[in-house]
Number of protein chains: 2
Amino acid sequence: MSHRRETLVLEYPAHELSGRPSPEQWLETFHARLKERGLKSTAQRDEIAKAFYRMGRHVSAEELYGEVKQSNSHVGYATIYRTLKLLKECELVSERHFDEGQARYEVFGERHHDHFICERCGRIIEFESTQIERLQQAIAHEIGATLTRHKVELYGFCRDCRGTENK
Amino acid sequence: MSHRRETLVLEYPAHELSGRPSPEQWLETFHARLKERGLKSTAQRDEIAKAFYRMGRHVSAEELYGEVKQSNSHVGYATIYRTLKLLKECELVSERHFDEGQARYEVFGERHHDHFICERCGRIIEFESTQIERLQQAIAHEIGATLTRHKVELYGFCRDCRGTENK
DNA sequence: CTAGTTGCAAATGTTTTGCACAAAC
DNA sequence: GTTTGTGCAAAACATTTGCAACTAG
């Protein structure tokens with residue numbers, strides 16, 4: 001009996017993302033979903049979407065605002081938030097609330113994964129676990145509930161920050 | 001080989017809480033921890049702590065403020081927040097951030113449990129799973145991290161709200 | 001007495017909204 | 001030409017803080 005891999009740790013730098021559509025495909029999908037909803041494509045929406053995609057994972061509205069400002073100094077915070085909301089509605093982005101004040105956003109529709117967050121350096125490591133997925137379904141079944149989504153977050157000290165806790 | 005129970009669903013109404021100290025014990029502990037820290041016990045702190053304890057689980061600052069106002073109309077929001085922060089520091093209360101804007105608080109130090117949150121009616125069901133606990137440790141080990149805390153949240157439709165999704 | 005606590009109002013940080021002007025379809 | 005989108009400033013929230021008056025130890 002083969003030993004199937006149940007847990008997979010994924011830690012990619014922003015420039016090395018797997019399982020993603022190309023930026024062009026992604027933007028096209030955005031345009032299509034906007035059209036479906038009778039909404040318009042605009043230069044700002046494209047800029048924001050592209051900047052977001054380029055930045056990789058776990059981006060805050062503030063960070064995105066900063067990035068977009070670099071190329072186009074004339075976007076307002078409001079448009080950032082409005083576009084992020086749109087991208088959520090178009091199911092291209094998902095919103096996460098880690099234990100900070102602000103929300104973070106990531107490209108949606110990749111394989112489901114969960115997060116480890118280092119409490120010292122803020123590093124976020126992603127992982128997938130089919131066992132955890134299965135267990136969650138089992139628990140939902142026991143409760144008598146239907147699951148729409150779920151969230152597993154581990155907090156602690158990462159490899160590099162272990163042993164520096166008391167510094 | 002016996003079939004050990006791995007998952008336990010806990011759903012208590014506020015008036016039927018298990019594994020808790022008595023309100024008096026709890027308040028005494030609060031007093032003791034304040035003293036340790038060179039801080040004072042006051043009428044307000046007691047009132048807030050008692051109201052909190054009485055209200056049961058998953059209380060927001062707003063709800064607690066409302067409750068305290070009933071008996072003593074002269075507490076400010078600031079004192080609610082300051083006392084909640086104190087209770088956290090005294091490890092008598094823990095703070096949770098579900099996917100709402102506001103934080104929710106619960107009595108700390110009971111057995112670790114996780115939450116299912118119904119997206120229709122807001123009901124929160126707690127459960128414990130030793131398997132999930134073990135898996136999380138295994139994942140932390142694989143990442144090379146030390147875990148300080150973790151969080152599992154399931155979202156969906158509860159028993160009573162299933163089938164009413166499209167109403 | 002004196003350090004710690006309170007209530008208020010004002011400040012904060014994040015996100016949302018109203019509105020007049022501008023741009024897409 | 002409508003309808004939708006934008007930028008700005010103001011509003012809306014949840015939470016925190018400064019400060020003068022107050023109170024527990």
Side-chain angles (χ1 to χ4, degrees), chain A residues 27-28 30-52 58-69 71-90 93-105, chain B residues 27-28 30-52 58-69 71-90 93-105:
Chain A
L27 204 58
E28 262 177 52
F30 188 27
H31 289 167
R33 304 249 165 105
L34 286 173
K35 199 165 216 172
E36 282 171 22
R37 289 163 175 73
L39 302 175
K40 293 168 180 171
S41 298
T42 67
Q44 286 93 326
R45 287 181 180 168
D46 284 5
E47 267 194 84
I48 293 168
K50 279 193 278 188
F52 176 78
H58 316 123
V59 177
S60 69
E62 194 187 1
E63 288 161 0
L64 183 54
Y65 178 73
E67 175 77 11
V68 175
K69 274 278 176 186
S71 30
N72 178 346
S73 49
H74 247 273
V75 267
Y77 253 112
T79 307
I80 299 287
Y81 278 107
R82 286 193 274 233
T83 305
L84 281 170
K85 186 186 260 182
L86 257 183
L87 283 164
K88 266 192 291 174
E89 284 163 16
C90 292
V93 154
S94 65
E95 188 177 332
R96 306 249 170 199
H97 295 258
F98 301 127
D99 286 351
E100 316 164 285
Q102 46 181 6
R104 293 193 170 271
Y105 301 84
Chain B
L27 204 59
E28 262 177 53
F30 188 26
H31 290 167
R33 303 251 165 104
L34 285 174
K35 198 165 217 172
E36 283 172 20
R37 290 165 174 70
L39 302 176
K40 293 170 180 169
S41 298
T42 67
Q44 287 94 326
R45 286 181 181 169
D46 284 5
E47 268 194 82
I48 293 168
K50 279 194 276 189
F52 177 78
H58 315 124
V59 178
S60 68
E62 194 187 1
E63 288 161 0
L64 183 55
Y65 177 73
E67 175 77 10
V68 175
K69 273 277 174 185
S71 29
N72 178 345
S73 48
H74 246 272
V75 268
Y77 252 112
T79 307
I80 299 286
Y81 278 107
R82 285 192 274 231
T83 305
L84 282 171
K85 188 186 258 182
L86 258 183
L87 285 164
K88 266 190 294 173
E89 285 163 17
C90 293
V93 153
S94 65
E95 186 178 335
R96 305 247 172 202
H97 294 259
F98 301 127
D99 284 352
E100 317 163 286
Q102 47 183 4
R104 294 193 168 271
Y105 301 83

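Computed from a predicted model, the values in this text were never measured in an experiment. Numbers restart at 1 for each chain; the letters A, B, ... are given by sequence-line order, proteins then strands.
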Discussion item. At less than 4.0 Å, is any side-chain N or O atom of A/Y81 found next to OP1 or OP2 of C/dT15? Yes or no.
Written reply: yes
Item to complete: Please determine if a side-chain N or O atom of B/Q44 lies less than 4.0 Å away from the OP1 or OP2 oxygen of C/dG7.
Response: yes
What distance do [X] atom [atom1] and [Y] atom [atom2] have between them, rounded to the nearest 0.5 Å?
X: A/Y81; Y: A/I48; atom1: OH; atom2: CD1; answer: 12.0 Å
X: A/T42; Y: A/H31; atom1: OG1; atom2: NE2; answer: 8.0 Å
X: A/E36; Y: A/C90; atom1: CD; atom2: SG; answer: 8.0 Å
X: A/I80; Y: A/Y105; atom1: CD1; atom2: OH; answer: 10.5 Å
X: B/L87; Y: B/K85; atom1: CG; atom2: NZ; answer: 12.5 Å

Worksheet item: Touch check for A/R45, heavy atoms < 4.0 angstrom, all strands: base, sugar-phosphate only, or nothing?
Response: sugar-phosphate
Where the side chain of [X] is defined as all heavy atoms beyond and including C-beta, which of [options] is the nearest nucleotide?
X: B/T79; options: C/dT15, C/dT16, C/dG7; result: C/dG7
X: B/E62; options: D/dA14, C/dG7, D/dC8; result: D/dA14
X: A/H74; options: D/dT6, C/dT15, D/dC8; result: D/dC8

Just the rounded figure in Å: distance from [atom2] of [N] to [atom1] of [X].
X: B/K85; N: D/dT15; atom1: NZ; atom2: C1'; value: 9 Å
X: A/L86; N: D/dT4; atom1: CG; atom2: P; value: 13 Å
X: A/R37; N: C/dA24; atom1: CZ; atom2: C1'; value: 18 Å
X: A/E47; N: C/dA23; atom1: CD; atom2: P; value: 14 Å
X: B/L84; N: D/dT16; atom1: CG; atom2: P; value: 9 Å
X: B/R82; N: C/dA9; atom1: CZ; atom2: C1'; value: 12 Å

Worksheet item: With respect to B/R104, which candidate in B/E63, B/E62, B/E95 satisfies the salt bridge (Lys or Arg N to Asp or Glu O under 4.0 Å) definition?
Response: B/E63
Worksheet item: Can you name the closest pair of heavy atoms from A/A61 and A/Y77 and give their distance?
Response: O-CE2, 4.3 Å
All N/O pairs under 3.5 Å across the protein-nucleotides 23-25 of chain D interface:
| residue | atom | partner | partner atom | Å |
| --- | --- | --- | --- | --- |
| D/dA24 | O3' | B/S41 | O | 3.4 |
| D/dA24 | N3 | B/K40 | NZ | 3.1 |

Item to complete: Specify the residue among B/A78 and A/G38 whose closest nucleotide of DNA chain D lies further upstream toward the 5′ end.
Response: A/G38
